[in-house]
Amino acid sequence: MGDNIQTNTTGRLTPCLQQKIDKTRYLVEVHFSDTSTQSVEDKLRRVILHDLEHEKQDRPRKSNEK
């Protein structure tokens, strides 16, 4: 996967990721809000905690649990 900078449709330089899977090339542009009040660390912490909470809820029970 190559990291690079690309000019988006508004003419601004934005980070993007490119990944080729089979015969399809995916281009993902990264966008950050200018008005955001959270730091990157806060956002990642929130996403990780959310995933952990949902993992606990979605985990199948063991056969001896009631």
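- Taking the side-chain contact (heavy atoms from CB on, under 4.5 Å) definition, one finds that T37 meets it with nothing, sequence neighbours left out.
- Here the options are I48, V47, L49, the test is side chain to side chain contact (heavy atoms under 4.5 Å, CB included), and the partner is D51; only V47 passes.
- Listed by first and then second residue, the salt bridge (Lys or Arg N to Asp or Glu O under 4.0 Å) pairs involving residues 38-47 are D42-R45 (not counting sequence neighbours).
- Residue L44 is found in a hydrophobic cluster whose other members, listed by chain and number, are V40; membership requires side-chain heavy atoms under 4.5 Å apart, directly or through intermediates.
- Atom CZ of R25 sits about 5.5 Å away from atom CD of Q18, to the nearest 0.5 Å.
- T24 pairs by the side-chain contact (heavy atoms from CB on, under 4.5 Å) definition with Y26, not counting sequence neighbours.
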